[in-house]
Amino acid sequence: MASEKLALFGGAPVRPALLPYARQSIDAEDIAAVSRALAGDWITQGPGVKRFEEGLAAIAGARHAVAVANGTAALHAACWAAGLGPDDEVITTSLTFAATANAVVYQGARPVFADIDGATLNLDSDSVKRLATPRTRALLAVDFAGLPCDWDKLRALAREHGWLLIADAAHSLGGALGERPVGTLADLTTFSFHPAKLITSGEGGAVVTDRDDLAERLRTARHHGIRYQDPARPWRYEIDVPGHNFRLTDFQCALGLSQLARLERFWTARDRLARRYRERLAGSPFLELPALPADRRHGWHLFVVLLRLERLTVDRDTVLSALRAENIGATLHYPLVHLHPFYRRRFGYGPGLCPIAEAAEPRLVTLPLFPTMSEADQDDVLQALDKVFIHFARRPS
Ligand SMILES: Cc1ncc(COP(=O)(O)O)c(C=O)c1O
């Protein structure tokens with residue numbers, strides 16, 4: 001292809017309207033389910049919540065699911081249920097949405113950032129090991145983009161040190177490690193049902209666990225910290241530790257349950273597109289693909305690539321701007337958490353803390369991926385990438 005004028009410089013864009021990086025899939029059955037819930041006697045904390053929780057627990061392979069208002073509330077409830085407090089440290093990743101570490105901060109505890117594995121972009125267990133102190137209480141790992149972590153290694157570390165193992169699985173509902181579904185790999189697993197995620201309830205989240213004691217505490221966290229003394233006298237209750245209002249409504253749960261029934265279909269569509277991206281991009285001199293270990297079923301929330309900046313004359317942000325101008329909604333997941341002003345100020349973190357994550361972040365690009373995206377949409381992404389790369393290719397001097 002001859003070098004075509006980039007839309008960034010006034011040329012015609014590859015497509016007339018923006019292709020977003022994510023989009024929810026709502027069908028007539030979803031709308032009917034929400035309507036039925038709204039016409040019922042309960043619009044919050046009715047039977048729809050339990051039905052959604054049972055459906056989710058079955059898919060996640062866990063004994064308990066507790067639905068909450070969003071994925072951030074799920075993380076917060078998990079940290080509350082873990083009993084984290086001001087003297088505690090939680091080892092986590094910096095390559096995540098800030099909500100992961102913020103939840104630790106809400107409890108007054110200290111997030112400690114381990115580095116990532118440069119190939120999978122998930123936490124590196126050797127880096128985690130080096131950060132263990134007598135104050136470490138929990139390990140909070142993220143299945144970045146949807147790729148399940150090496151949970152067996154993380155669990156071995158957690159067991160050795162007596163840490164609680166928490167999975168932020170906002171990206172990986174429906175994923176698996178070998179035959180074991182996401183939801184069975186940690187003590188507590190949190191999900192998000194934001195519209196960009198793998199299923200949606202508008203806003204929404206949940207925590208799943210096999211442990212009865214943690215499930216009980218999650219329910220208490222969700223409902224103000226209230227503990228009832230006698231089921232026959234529900235007007236009598238006490239609060240030992242203040243909780244929150246993290247409740248999810250019945251009509252949101254109706255949407256969540258209706259979506260859950262299509263999770264496998266959504267996953268198949270995402271998987272097909274992700275494999276097609278990988279085939280088409282495998283030989284590109286301008287980018288690298290994250291590793292996809294054979295024992296993982298990727299959740300495919302995000303399709304992330306790493307630019308080879310040494311082959312380009314511009315930085316990642318210019319590539320993103322050029323793709324946006326072509327009407328391709330490429331974006332960045334994520335600015336590193338330890339470099340946000342709050343984390344620098346409060347905890348004294350700064351550059352150099354996570355060298356592998358810091359080297360990866362300026363190279364990261366998220367390409368559009370969602371179940372109703374067509375192959376023609378995907379071809380537009382590939383064409384725009386070609387156009388931008390040809391324009392900004394570094395010529396041998
Ligand atoms: C890794 C991760 N954790 C937590 C969250 C928070 O979820 P929510 O937006 O539902 O609060 C998100 C959502 O963007 C996320 O990507």
Side-chain angles (χ1 to χ4, degrees), residues 20-24 52 56 60 65-80 90-107 111 113-114 116 120-123 138-149 151 154 166-175 182-183 185-186 188-208 218 221-222 244-249 252-253 255-256 259-260 270 290 298-304 329 331-338 340 343 357 361 364 366 369-370:
Y21 87 87
R23 180 187 282 157
Q24 70 275 15
F52 180 44
L56 184 64
V66 178
V68 293
N70 51 62
T72 307
L75 286 159
H76 193 171
C79 291
W80 194 99
V90 176
I91 300 177
T92 190
T93 175
S94 187
L95 184 59
T96 183
F97 186 50
T100 312
N102 287 353
V104 174
V105 174
Y106 299 154
Q107 288 301 115
F113 295 101
I116 57 169
T120 63
L121 308 177
N122 278 337
L123 267 184
L139 172 55
L140 168 51
V142 177
D143 293 336
F144 178 75
L147 179 74
C149 293
W151 286 104
L154 299 180
I166 308 175
D168 179 344
H171 300 181
S172 59
L173 176 67
V182 167
L185 303 167
L188 291 158
T189 302
T190 69
F191 297 110
S192 161
F193 311 124
H194 178 275
K197 298 298 194 302
L198 300 154
I199 64 163
T200 189
S201 56
E203 297 282 353
V207 192
V208 303
L218 290 167
R222 171 173 72 181
H244 302 270
N245 177 354
F246 286 154
R247 297 187 297 263
L248 189 63
T249 65
Q252 288 175 298
C253 287
L255 178 55
Q259 290 259 307
L260 210 46
R270 287 177 182 277
H298 200 301
W300 294 127
H301 164 48
L302 301 175
F303 192 86
V304 171
T331 189
L332 164 66
H333 292 89
Y334 294 94
L336 298 178
V337 180
H338 72 279
H340 287 305
Y343 285 88
E361 189 269 347
L364 292 172
T366 300
L369 177 66
F370 51 90

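Note that ligands are numbered from 1 as they come in the structure, with each ligand's atoms numbered from 1 the same way.
- Heavy atoms of Phe191 found under 4.0 angstrom from ligand 1: none, in either backbone or side chain.
- At a heavy-atom cutoff of 4.0 Å, ligand 1 is contacted by both the backbone and the side chain of Thr72.
- In this structure, Ile166 and Val90 have side chains that are not in contact, with every pair of non-hydrogen atoms separated by 4.5 Å or more.
- Ligand 1 lies nowhere less than 4.0 angstrom from a heavy atom belonging to His301.
- Between Val104 and Thr92, the closest side-chain pair of non-hydrogen atoms is not below 4.5 Å.
- Here Thr190 has no heavy atoms under 4.0 Å from ligand 1, in either its backbone or its side chain.
- Side chains of Phe97 and Val142 form no contact here, defined as non-hydrogen atoms less than 4.5 Å apart.
- Of the heavy atoms in His333, none comes closer than 4.0 Å to ligand 1.
- Of the protein's non-hydrogen atoms, Lys197 NZ, 2.8 Å is the one closest to atom 14 (O) of ligand 1.
- With contacts defined as side-chain heavy-atom distances shorter than 4.5 Å, the pair Trp151/Val182 does not qualify.
- With a heavy-atom cut-off of 4.0 Å, Asn70 touches ligand 1 through backbone and side chain alike.
- Assignment of Phe144 to the shell around ligand 1 is not supported, since no heavy atom sits closer than 4.0 Å.
- The CG atom of Leu123 sits 12.0 Å away from the CZ atom of Phe144 when rounded to the nearest 0.5 Å.
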